[in-house]
Amino acid sequence: MSHVMMARALFGITLGYHIAYATISVGAPMLIVVAEILHLKTGQEIYRLFAKRVTMVLVLLVGVGLVTGTTVAVMLSVLWPGFMKTVGQVINLPFQIEVFAFMLESLFLAIYIYGGQRLSARTRIISAGLVSVGSGLSALLITDVNAFMNTPVGFQWVNGRVTDAHPWQAMLSPAMPTELAHVLVSAYMTVGFVFAAIAAKGLLKRGITKVERDYHNKVLRLTIIFGGVMAVATAVIGDASGKFLAHFQPEKLAAAEGLFQTTHHAPLVIGGVVNAATGKVVGGIAIPGLLSFLATGSLSGQVTGLDAFPRTTWPPLFVHSLFDVMVSIGSFSIAVAGVYVLYLWRQRSMPRWLLWTIVTTGILSMGGIEDGWVIAEIARQPWMIYGYLHVSQAVTASGGISWMFGGFLSLYTVLLAGTIWALRVYFRKHPLPTDGMSCSTETSPVKKRGVSA
Amino acid sequence: MNIVALGAAFIWAMISIYTILGGIDFGSSFWRWYFSRRKNWEAEEVAHSFVSPTWELVNSFLVLIPVAIVGLFPGAAYAYGSILLIPASMVLGLLILRGAYWQFGYASEQKRGPIIWVVGLTGLILPGLFATILGLSQGGYVSRGTQGAYVLPLAKFLFSPQVLVFLAFGILMALYLSALFLAQYAKQAGSLETFAAFRRSAQWVGPLSAVSGILAIVSSMHGQLDMSHRLVTWWPILGLSFVMFLVGYAGLFRPVGMTKVRMSLWATVIQLVLAQIAYGCAHYPYVLYPYLTFSDAASNHSMFVTTLVIFVAGFALLAPGFYLFRSLFIKDVQSVVSQTASRGTVTPKRG
C-alpha cells in the first residue's frame, strides 16, 4: 500500500473504533434522561433501574472513548500536519469548544454518579440532562469540522495559504445544518436499537422470571419507540442531505447514486454494481425520475452526473453499494419498529422471530453508523478540504506508518475484547434483582464507590 | 506585551497546570501500585480514590494543549506534528492502555493485580515522556531535510543522555508532587498512618527530584539553545523557586502530628510554577530552536484572538461545575476512607 493509503488506513481504523464508543456515549445519556423522567412521572422503579444499568455501560465506554478520542486529536496533528496547519488558521474553534463540552459531560457524569440516591430526582434529571447536552455538543462540534471539510467557507485561499480568515463564519458552513442533525439523530436511533437488542435478548432467554420479563418488556418498549422515532427523523434529515449534496457536492451524490450523465428525470438505482469503465450500473432496480425528485423536489429536475467532473476528482465508485447498505439499514429499522408497535397496539405477545429480528437490528444499526462515516469520508476523495486540499498534500512525511498500523490494530483489538469482557463480567455479577424492583444494587458498596467517571 | 507573547504565556500556563494536575494523577497511580505491592491497603485505597473521579478531567486538560497550540500557533503544531509521529504514538499507546485498564477495573475485582500494575507502570513512565519534549524544543536533535521538512533522528533523540535526564526529572517530579498531595489527602481524611507512609515516600523522592531538575536545566548539547546562560537573567525567580523547594521539603520533617503538609504541598506547587516561569521566559521566543519562533508560528489575528476569548469564556462558564465537583468529591473521599478504615486496614478485600 502507498504511504497515503497506509496513513488513511491507520486513521480510518482509529476513527472507526472511536465512533462506536462515541455513538453510545452520545445516545446513552439521552436514554438515561428519558428513563429518569419516566421514573419521576410513573414512580416505577423499573425505569430507575434501567437508568442505572445504562449508566454503568456509559461509564465504561466514556473512559475508553476518551482515550481513543485523545488519540484522534493527536493523530490529526501527527498524521496530517498539512491539514492541521490549515485548520489552525480557519476551523479550530469547534475543536476548542468541544474540549469544554467534554468537560461539562464528565463533570456532570461524575456528579450524577457520585450523587446517586443522595440527589433529588429533579437534580438527577438536570445532571443527566447536562451530560447529554455535553456529549451531544461534543459530537456536533467535531462533526462541524467535517462539515467544513465538505463545504469550506470563511477564508480566501491564495497560493496554498489561508488569508482573510473568519473563524465563526467557517463554523457555519452550508453542510452544517443537515450533517450535524443527521449525525445526532442517527446516534440516538442506534443507541435506541442497541439497548432494544439487549432487552430482546433478555426476553429470548429460557426460563426467565416474571420480574425479568416485566423489566425487559418495559425497556424494550421504551428503547424501540425511542429508536424508531429517531430512525424516522434520520430518514427525513437524510432526504434533506441528498438535496444539499445535489447543490453543494454533486459528485458525492452522483457517486453514491451511480449517476454518470447529467440529466433530467434522473432515475434512482437501488442495488447493482457500478462499473466505471462502461459508465453503467450493472444490475440494480432503476426507478425513473425518483432521484430527480429526491434531489430537487421535482421529477424533471436536473441532477449533475459524474461527467461534469474530471475523472481525477471522482471518488471511488463502490460508495454506491455502501450507500445502498446504509439506506437499507435505516429503512429496515423503521420497518422493525413499525411491526413492533403493531404487535404492541394489538396487545399480542412478541413472537420469538420478532425478538431475534430486533437483536439483529441492534447490530445492523451500529453497522449503519460506521457505514455512513465511511461513505462521508470515501466519497469526498481525493479531497480532504473539498476543492482546496488533497489528502495526499496533507499527509506526514515520516515513515513507519505500517508498523504503527499493526500496533494500533492490536491495541484496539485488545481494548474491544476488554470492553466486552468488562461488560459481561459486570452484568453477570449484577443480575436483575429477583425480589421485585427494590433496586437492591444500590446497597452494594461496589456500585456506590466503584462506579465513577 | 504584544499579543503573540500573551498567547505563548497562555500556552505555557496551560502546560504548567497540566504538569501539576497530570503529575499528581500519574504519580498517584504509581503509588497505588507501590503500596499494593507492600500490602499497605489503606494507602492503596487513598491513591485509588483520588484517581477515580479525576483522571478523565485531567486528561481533558491534556487535550486542551494540542488544541490550543493548533489554534494559536499552527506553525508549531505543524513542526511538532511532523517529527513526533512515532513518539506521540507511543505516548498515545500508553495513555490508551492506562485509561482502558482503569475503566475495566470497575467491572471486576478479580483482575485487580494486572490492572493496578498496568495503570501504575504507564503512570510512572508517561510524565517522563512528556518532559523529554522540553529537551527536544531546545534544539540540537531536529534537522531540516530537503524541501524544508523537519526530521528527527529517533535513535539519537531517545538515547541522548540529556533526554534521559529529562525523562528522570519528569518521573521524579511527578512522584514527589503526588506523594505530597496524597499525604495531604490522607491527612484530610483523618488517616495518620497512611499520611506517614506518603510522607516517608515524599522524604526520599524530594531531593532526587530537585537534583534531576537542576541537571536538566544545566545539561546542554551542541547546537542547542544555551538554557543555563539564558536562565541566569532570571535568577531571582529561579532562586525563589529553590527556596520554595527547601521550605516545602523542610516542612516534611516535623513530627507526624504537627506536619503542615498542606503548606509543603503549596510551597512545592509554587516552586514548580516559578521554575516554569523562569524556564519559559528563558526559552522565549523560540518554539523549536533554532527554526521556529512563536511569531513565525502564530495564526492569523482573528483566529488568535478568538481562540484566547473562547478559552477564557470556557473556563469561566465551567467554573461553577468545577466548584460543585470539588465539594462533592472531597466529601466522598472522607466517607470512602473511613469506610475502608472501619473494615480493617489489613484485609485486601474492598467492598
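Chain identifiers are assigned alphabetically (A, B, ...) following the order of the sequence lines, protein sequences preceding nucleic acid strands; residue numbering begins at 1 within each chain.
- Chosen from A/Ile401, A/Val99, A/Val78, A/Leu130, the residue pairing most often with chain B at heavy-atom distances under 4.5 Å is A/Val78.
- Taking each heavy atom of A/Asn92 and B/Met303 in turn, the nearest pair found is N-CE, 3.2 Å.
- For A/Ile91, the part sitting under 4.5 Å from any heavy atom of chain B is the backbone (N, CA, C, O) and nothing else.
- In this structure, chain B has no heavy atom under 4.5 Å from any part of A/Trp80.
- If you tally non-hydrogen atom pairs under 4.5 Å between each of B/Tyr150, B/Phe61, B/Tyr80 and chain A, the highest count goes to B/Phe61.
- Among A/Gly418, A/Gly407, A/Ala73, the residue making the largest number of heavy-atom pairs under 4.5 Å with chain B is A/Gly418.
- Within the 4.5 Å cutoff, the side chain of A/Phe95 has no heavy atoms near those of the B/Val63 side chain.
- Using a 4.5 Å cut-off between heavy atoms, A/Phe408 contacts chain B through its side chain alone, with no backbone atom that close.
- Neither the backbone nor the side chain of B/Phe304 comes within contact range of chain A; no heavy atom of the residue lies under 4.5 Å from a heavy atom of that chain.
- Only the side chain of A/Met404 comes within contact range of chain B, with at least one heavy atom under 4.5 Å from a heavy atom of that chain.
- In this structure, chain A has no heavy atom under 4.5 Å from any part of B/Phe73.
- In this structure, the side chains of A/Glu98 and B/Val67 stay at 4.5 Å or more apart for every pair of heavy atoms.
- With 3.5 Å as the limit, one finds a donor-acceptor pair spanning the side chains of A/Thr70 and B/Asn59.
- The shortest heavy-atom contact between A/Leu411 and B/Gly93 is CD2-CA, 3.8 Å.
- Here the CG atom belonging to B/Leu317 is positioned 12.5 Å from the CE atom belonging to A/Met103, to the nearest 0.5 angstrom.
- For B/Arg144, the CZ atom is densely surrounded, since the number of other residues' heavy atoms within 6.0 Å is greater than 12.
- The two residues B/Thr306 and A/Trp168 come nearest to each other via the heavy atoms CG2-NE1, 3.3 Å.
- Distance check, rounded to the nearest 0.5 Å: CD1 of B/Ile96 to OH of A/Tyr412 gives 5.0 Å.
- Counting heavy-atom pairs closer than 4.5 Å to chain A, the top-ranked of the candidates B/Gly75, B/Ser302, B/Ala88, B/Ala313 is B/Ser302.
- Contacts of A/Ile111 with chain B are made by both backbone and side-chain atoms, with heavy-atom separations under 4.5 Å.
- At a 4.5 Å heavy-atom cutoff, B/Leu152 makes no contact with chain A through either its backbone or its side chain.
- The minimum heavy-atom distance linking A/Phe102 with B/Ser60 is given by the pair CD2-CB, 3.7 Å.
- Other residues, nucleotides and ligands place more than 12 heavy atoms under 6.0 Å from the CH2 atom of A/Trp157.
- We find the OH-CG distance between B/Tyr101 and A/Leu415 to be 8.5 Å, quoted to the nearest 0.5 Å.
- Summarising the geometry, atom CG belonging to B/Leu95 is positioned 11.5 Å from atom OG1 belonging to A/Thr68; distances are rounded to the nearest 0.5 Å.
- For a residue to count as touching a neighbouring chain, one of its non-hydrogen atoms must lie under 4.5 Å from one of that chain's; by this rule B/Phe311 touches chain A with backbone and side chain alike.
- Among B/Gly99, B/Ser89, B/Gly321, the residue with the largest count of heavy-atom pairs under 4.5 Å with chain A is B/Ser89.
- Comparing A/Val64, A/Ile97, A/Thr419, A/Leu79 by heavy-atom pairs within less than 4.5 Å of chain B, the highest count is held by A/Thr419.
- Comparing A/Val414, A/Leu93, A/Leu423, A/Val90 by how many heavy-atom pairs each has under 4.5 Å with chain B, the most go to A/Leu93.
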